[in-house]
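What follows is a short report on a single structure.
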Amino acid sequence: MRHQKKTIKLGRTAEHRKALLANQVCSLIEHQRIKTTLAKAKAVRPLAERMVTLGKNGSIHARRTALAALRQKNAVKKLFDDIAPRSAERNGGYTRIVKLGQRKSDSASMAFIEWVDMAEVVEEKPAEEKKAKRKETQPKPRETEAKREEPRVEESPTEEEKTAETPTPAEEPKPKKRRWFGRTSGEKK
């Protein structure tokens, strides 16, 4: 029987487990929310809450204790300056675990772990940037196709021959993009 054996071992040695949990807490401090397995989220929660409690204390000793556990100065600075003051009036329960369901590859239970007093602005910024990048990449191939069509039109000598011989752009088949397996050894990218 496993009475009074509370440590979640995660199938790792003690050193590996300690480093893993410290890195997870540092990622949680940096990104405000992380996606991980449910078992790891449950193992990270006590360490993250202990670090916030140290941050609320705010003394030099508490800062050095947090630095000994996390081993990243910038994470400790953000913890003491941003995250701990947000949770000043809360007595514990600084993190929230949201279950997400099963991962496709190995069917592991996945979860978000996040701060309860998290800033809402952090979540929305990456989504807007991704949408903008996709919109910017689409117009570029259209501009190159237009440039390809212009020299063909200029090559024909007279206007009468243009209208008689050249079909409309909709009738011309678009040149297919060649994949890497379609190239011969002489062609370059």
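By convention here, the first residue in the shown sequence is residue 1. All figures in this text were calculated on a predicted structure; none of them were measured in a lab. Values below: every heavy atom of this structure, side chains too, minus hydrogens, waters and symmetry copies.
- When all heavy atoms are compared, the tightest approach of L28 to E114 is CD1-CA, 4.0 Å.
- The closest side-chain heavy-atom distance from V52 to Y94 is below 4.5 Å.
- Both V25 and I8 are assigned to one and the same hydrophobic cluster, defined by single-linkage of ILVMFWY side chains at heavy-atom distances under 4.5 Å.
- With sequence neighbours excluded, no residue forms a side-chain hydrogen bond (donor to acceptor under 3.5 Å, both in side chains) with R17.
- The two residues A43 and L10 have their closest heavy-atom pair at CB-CD1, 4.1 Å.
- Shortest non-hydrogen contact noted between L70 and A22 is CD2-O, 4.1 Å.
- Residue F112 belongs to a hydrophobic cluster whose other members are V98, L100, M110, with links defined by side-chain heavy atoms closer than 4.5 Å.
- Qualifying side-chain hydrogen bond (donor to acceptor under 3.5 Å, both in side chains) partners for S27, counting only residues two or more places apart in sequence or in other chains: none.
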Test side chain to side chain contact (heavy atoms under 4.5 Å, CB included) applied to E89 and K56, step by step: CA-CA 10 Å; E89 50 292 327; K56 284 169 63 175; over 6 Å; no
Give every donor-acceptor pair under 3.5 Å between a side-chain atom in residues 78-85 and any protein atom, sequence neighbours left out.
residue : atom : partner : partner atom : Å
K78     : NZ   : I29     : O            : 3.4
K78     : NZ   : E30     : O            : 3.0
D81     : OD2  : K77     : NZ           : 3.0

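- Interatomic distance, Q102 CD to S109 OG, rounded to the nearest 0.5 Å: 4.0 Å.
- Under the salt bridge (Lys or Arg N to Asp or Glu O under 4.0 Å) criterion, R64 pairs with no residue at all, not counting sequence neighbours.
- R103 meets the salt bridge (Lys or Arg N to Asp or Glu O under 4.0 Å) test with D106; sequence neighbours excluded.
- Applying the side-chain hydrogen bond (donor to acceptor under 3.5 Å, both in side chains) rule to N91 yields no partners; only residues at least two apart in sequence or on another chain are considered.
- Here side-chain hydrogen bond (donor to acceptor under 3.5 Å, both in side chains) pairs that include residues 34-46, with residues two or more places apart or in two chains, are R45-T95.
- Although no hydrogens or angles enter the test, the distance criterion places no donor-acceptor pair under 3.5 Å between the side chain of W115 and the main chain of R96.
- In terms of the salt bridge (Lys or Arg N to Asp or Glu O under 4.0 Å) criterion, residue partners of R90 (sequence neighbours excluded) are, by chain and number, D117.
- Contacts of R12 classified as side-chain hydrogen bond (donor to acceptor under 3.5 Å, both in side chains), with partners at least two apart in sequence or in another chain: none.
- For H61, the side-chain contact (heavy atoms from CB on, under 4.5 Å) partners are S59, T65, not counting sequence neighbours.
- Going from atom SG of C26 over to atom NZ of K73 covers 13.5 Å, rounded to the nearest 0.5 Å.
- To the nearest 0.5 Å, the span separating CD on E49 from CE on M51 amounts to 11.5 Å.
- Listed here is the closest heavy atom pair of I97 and A111: CG2-CB, 3.9 Å.
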